[in-house]
Amino acid sequence: MTANTAAPSSLQPDAMLPRPFRVASTAADTVDTVTLILEPEDGEGFHFAPGQFTMLYVFGVGEVPISVSGDPGTAETLVHTVRAVGAVTEAICRLTAGDRVGIRGPYGTGWPIREAEGKDVVVAAGGIGLAPVRPMLLTLLAGRHRFGAVSLVYGSRTPGDLLYVDELHSWRSRFDVEIEVTVDRAGSDWLGDVGVVTSLLPRIPFRPENTIAVVCGPEIMMRVTADEMILRGVSAASIYLSMERNMKCAVGFCGHCQFGPEFICRDGPVFAYERIRGRMRVPSL
Amino acid sequence: MSLISLRERSQLLSKLTSTELDLFESLSREMTAADGEILFEEGADADTFYVVADGRVALELTSAGRSPMIIQTLGPGELVGLSWLFPPHRWNWRARVVGASRLVVFDAVEVRRHCHENRDLALDVFQVVAAEMAERLHSTRLRLLDLYS
Amino acid sequence: MSSKVLDRSDIGALFDALAGEGYRILGPTVRDNAIVYDRIDGEEDLPVGWTDIQDGGSYRLQRRDDNALFGYAVGQHSWKEMLFPPRTELFRVERSNATLRFVPTAVPEVRYAFIGVRACELAAIAIQDRVFLGSGAVDRTYQTARHEVFMVGVNCMVAGGTCFCVSMGTGPRCSDGYDLVLTEVIADHRHEFVLESGSDKGEDLLARMPGRPAGPDDHDQVDRTVARTASQMGRWMGNEGIKELLYDNLQHPRWEEVAKRCLACTNCTLVCPTCFCSTTEDSVSLDSAVATRSRRWDSCFTLDFSAVHGVPVRSTTKDRYRQWMTHKLASWYDQFGSSGCVGCGRCITWCPVGIDITEEVAAIRATQGVMA
């Protein structure tokens with residue numbers, strides 16, 4: 001160490017300063033979930049890797065980490081699917097076209113796209129967890145020939161909680177992707193499955209020793225799904241999860257998102273299960 | 001349809017010996033069921049059980065003044081019906097076919113009789129059904145956790 | 001790098017030279033019966049003739065039998081307050097016609113001279129340099145305050161009752177990170193300071209100081225002072241293999257035990273010179289035209305620190321104490337390549353119930369492998 005650090009001429013762009021974005025449109029997915037399409041106002045576009053997130057700032061209310069849900073092939077817009085679970089997300093869900101927000105990022109690690117090339121890919125999503133894997137699914141489908149069998153298993157509380165229903169239908173009509181959806185509770189008008197998401201795994205095609213699994217949802221759902229994949233022969237190193245913790249800065253300064261030695265914001269949110277499996281079993285870490 | 005072709009996809013059938021599978025074959029027949037067809041009603045005698053070949057079966061609860069709730073769906077390879085193995089041999093749920101389906105239906109009374117006479121067979125049958133029950137209990141417990149909230 | 005010996009009567013020249021170069025001089029001074037860091041104008045503002053008596057949950061000042069300028073250990077303040085202020089405005093957002101304009105808040109460009117920085121504190125600043133400047137993103141506030149600091153270190157002439165820098169390998173000798181370091185020598189009717197430079201900036205300043213060149217005897221005197229202080233450590237941290245020790249004992253019953261005493265008051269994290277956690281606050285002007293976003297110190301001991309959608313991940317004091325201590329002593333190695341503890345002892349002294357981090361580690365080590 002020297003007594004002097006770099007002079008301010010080397011100051012990088014302010015890590016905490018958002019870029020202004022305009023809300024182009026909003027659409028309600030469910031009772032408490034909204035998908036927003038945002039456009040950067042500085043004309044510089046928005047590039048990201050599937051699995052990354054941004055910090056979304058609402059004027060005077062606050063800032064929250066939100067996974068990017070859009071198509072990585074489209075830089076003109078930024079798509080976020082947000083569930084109203086707190087003051088900031090409730091404010092986000094109340095936004096209407098023309099409103100302005102601030103965006104920092106994208107931040108964090110992405111889903112293992114390169115690792116998945118040539119392999120079967122199982123995407124398992126639970127609840128709002130479909131939103132962060134949507135860019136991964138779009139990438140898999142856009143470059144379909146680069147991957148082996150591709151499947152999505154998606155679990156939700158009720159049929160009314162399902163996200164991207166139209167898109168699920170259109171994916172289902174393709175012959176090169178297996179889409180299985182299940183819910184915990186349904187009325188008799190529901191034509192799909194009722195049962196836990198792991199019960200869908202026996203139905204989908206994958207060669208366990210040659211599979212990449214992408215799992216996203218609440219922590220318990222990810223744990224039981226990952227453990228089930230292991231029982232079915234997939235190695236913990238080939239299973240990827242997206243972790244969630246409190247986050248204030250997204251650049252490793254605020255300390256909130258620590259999970260043992262990892263900063264979820266910087267070292268994650270996407271981790272190989274192998275790396276965090278032991279710690280996920282320690283209560284309240 | 002031969003049970004052997006279904007064996008790969010069925011937890012139950014895959015665990016039976018070939019002799020046992022032959023016996024099961026002789027006590028079964030293939031059937032097609034139309035969407036909405038009721039395989040059994042809650043409270044009725046449980047003298048059959050099914051394995052789904054294609055399609056889906058919903059177990060549901062009906063009660064006055066409430067629209068039916070689906071408690072679980074069963075798909076290809078899965079066993080429909082557990083109550084046939086345990087006294088008083090009465091169904092706990094209604095089983096309704098969702099979409100046109102193909103099933104194999106077994107004569108539960110005969111399977112029970114064979115089990116009574118052949119303790120080795122009984123042990124194997126109880127083991128596979130118990131394994132299935134353990135798995136359903138596990139799935140049900142996971143659902144109690146409200147996994148997607 | 002060169003060295004010089006200044007008589008007590010000449011030490012004012014150091015303050016004059018720093019003031020002459022436009023530095024804002026900060027150093028230890030007595031306020032409210034404690035030694036704090038604040039603006040000082042000259043050596044007369046230092047805690048002349050004072051020392052401090054420290055133990056778990058206990059701190060008081062006492063007169064020395066000499067007029068030493070640096071005859072005490074560290075107090076509840078650390079230099080963290082100057083480089084990473086407790087509260088910082090990050091930016092303002094101006095709203096007009098539905099558009100938002102984000103305006104970064106100007107960071108005051110103050111040239112600080114820190115007087116009396118101890119070896120443990122230099123180590124702490126080096127650690128925060130890695131956090132805020134050296135691990136990816138760069139913190140603008142920290143960098144602006146930090147880059148021009150003139151660092152005057154002091155080799156400790158006494159150890160405090162809760163000091164354990166020797167076991168952490170950070171002191172008591174200032175080995176790195178200073179522009180000038182001084183060692184106070186009071187012996188044989190002499191009252192002198194041995195000044196050594198540690199940078200070009202320090203070398204330039206030293207050249208303009210009065211005094212005589214330091215000789216072998218003077219350097220021996222520095223060595224003896226440092227050795228005497230090293231022998232007086234009030235505490236000892238068993239630091240060997242500590243990362244594995246704590247990682248392997250996340251379910252140790254000792255965490256429950258310490259949680260019964262811990263008040264989760266956050267004192268330890270506030271006085272710790274390396275703790276860097278912060279949260280953000282938003283406010284809006286009355287006419288809703290301007291919003292402000294600020295950052296303020298936070299502590300992993302608060303309940304909402306770990307809350308995701310309003311539900312805390314670490315809901316008990318046990319969880320939070322374990323997080324603080326395993327972060328400080330174990331996961332810090334993985335994150336920043338060193339311990340997060342420099343052995344300054346502040347967390348022990350300023351804990352209202354006297355919880356001693358060295359004792360907690362020793363207790364876990366003595367009974368490791370025990371599962372709750």
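Residues A:S188 and B:R96 are in side-chain contact: their nearest non-hydrogen atoms beyond the backbone lie under 4.5 Å apart. Within the 4.5 Å cutoff, the side chain of B:R143 has no heavy atoms near those of the A:R157 side chain. Inter-residue side-chain proximity for B:Y148 and A:I128 is flagged as unmet; no heavy-atom pair is nearer than 4.5 Å.
Heavy-atom distances place no part of B:T140 under 4.5 Å from chain A, backbone and side chain included. Interface remark: B:S67 contributes no atoms to any contact with chain A (heavy atom separation under 4.5 Å). For B:E60, the part sitting under 4.5 Å from any heavy atom of chain A is the side chain, from C-beta outward, and nothing else. Using a 4.5 Å cut-off between heavy atoms, B:I71 touches chain A through its backbone atoms (N, CA, C, O) alone.
Remark: A:I220 CD1 to B:L142 CG distance equals 9.0 Å, nearest 0.5 Å. For the atom pair OG (B:S149) and CE (A:M221), the distance works out to 12.0 Å, reported to the nearest 0.5 Å. Distance check: B:L147 CG to A:E219 CD gives 12.5 Å after rounding to the nearest 0.5 Å.
Counting heavy atoms of neighbouring residues, nucleotides and ligands inside a 6.0 Å radius, atom CZ of B:R112 exceeds 12 of them. Heavy-atom contacts from other residues, nucleotides or ligands closer than 6.0 Å to CD of B:E8 number 12 or fewer. By the neighbour-count criterion of 12 heavy atoms within 6.0 Å, atom CZ of A:R281 is densely surrounded, having more than that number from other residues, nucleotides or ligands.
With chain A as the partner, the residue from B:R56, B:R9, B:H138 showing the most heavy-atom pairs under 4.5 Å is B:R56. In terms of non-hydrogen atom pairs under 4.5 Å with chain B, the most contact-rich of A:V197, A:D189, A:D184, A:T182 is A:D184. Ranked by heavy-atom pairs under 4.5 Å with chain B, the first of A:G192, A:S199, A:G127 is A:G192. Options A:G129, A:G195, A:P202, A:G217 differ in how many heavy-atom pairs under 4.5 Å they form with chain B, and the most are formed by A:G195. With chain B as the partner, the residue from A:A125, A:S156, A:G187 showing the most heavy-atom pairs under 4.5 Å is A:S156.
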